Amino acid sequence: MGDIENTRTDPGNDPDHLTHAFHALLEGATAPHPPAPPDCPFCDLPQDRQRTGYTGHWILLEPRVLVPAHTVPPRRRWIITAQGIAMNLWDAEPLPGTLCRIPHRSACPRLRPEDHWPWMTALRHHNERRVQRLFDLPDEELPDTG
């Protein structure tokens with residue numbers, strides 16, 4: 001009848017499950033699952049845990065913080081749908097007046113800050129080297145010319 005040898009019943013081998021797990025990891029949706037307390041595993045501060053659209057994945061969001069979405073870097077804007085699901089806006093341009101939540105990982109005091117604009121950081125480092133070459137004189141004294 002059908003090809004039952006290639007049928008997958010284990011969700012861990014399901015391509016859609018793997019895709020969801022990958023996107024959840026990429027978006028930072030790695031919060032502890034209920035019934036574990038919604039505390040940050042790095043700084044132990046209590047957070048708001050929200051279910052994501054990725055089955056079995058949760059995200060820790062900063063509690064009581066709603067900010068204008070246009071002020072938050074792309075891929076760090078989370079909105080809560082009418083069904084109570086946290087959804088990442090990715091690179092979508094938010095509508096005027098949209099408020100969003102920010103992931104705790106972006107504000108955790110125990111984690112190294114994320115580089116939201118790597119190309120701008122690279123440009124800043126390049127300009128820093130240019131300034132150093134153009135304007136920083138050696139520490140040793142210059143010879144007396146006169």
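Keep in mind that this is a model prediction, so the values were computed, not measured. Hydrogens, waters and symmetry mates play no part in the numbers below; they use all other heavy atoms, side chains included.
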Among H126, H125, Q132, whose side-chain contact (heavy atoms from CB on, under 4.5 Å) with E128 holds? H125
Shortest non-hydrogen contact between [X] and [Y], atoms and distance:
{"X": "W58", "Y": "R49", "result": "CE3-CG, 3.5 Å"}
{"X": "R75", "Y": "N88", "result": "O-ND2, 3.3 Å"}
{"X": "G53", "Y": "I85", "result": "N-CG2, 3.4 Å"}
{"X": "R64", "Y": "D48", "result": "N-OD2, 3.7 Å"}
{"X": "C43", "Y": "R110", "result": "CB-CG, 3.5 Å"}
{"X": "D39", "Y": "L60", "result": "O-CD1, 3.9 Å"}

Tell me if the CZ atom of R76 is crowded by more than 12 foreign heavy atoms within 6.0 Å. yes
Side chains of [X] and [Y], heavy atoms from C-beta outward: is any pair under 4.5 Å?
{"X": "T30", "Y": "R105", "value": "yes"}
{"X": "W78", "Y": "V72", "value": "no"}
{"X": "C100", "Y": "L66", "value": "no"}
{"X": "L61", "Y": "I80", "value": "yes"}

Assess the residue pair V65 and R101 against the criterion (side-chain contact (heavy atoms from CB on, under 4.5 Å)); give the C-alpha distance rounded to whole Å, side-chain angles, the decisive distance to 0.1 Å, and a yes or no. CA-CA 6 Å; V65 175; R101 305 281 305 270; 5.5 Å; no
Can you measure from CZ (R51) to NE2 (H57) and round to the nearest 0.5 angstrom? 13.5 Å
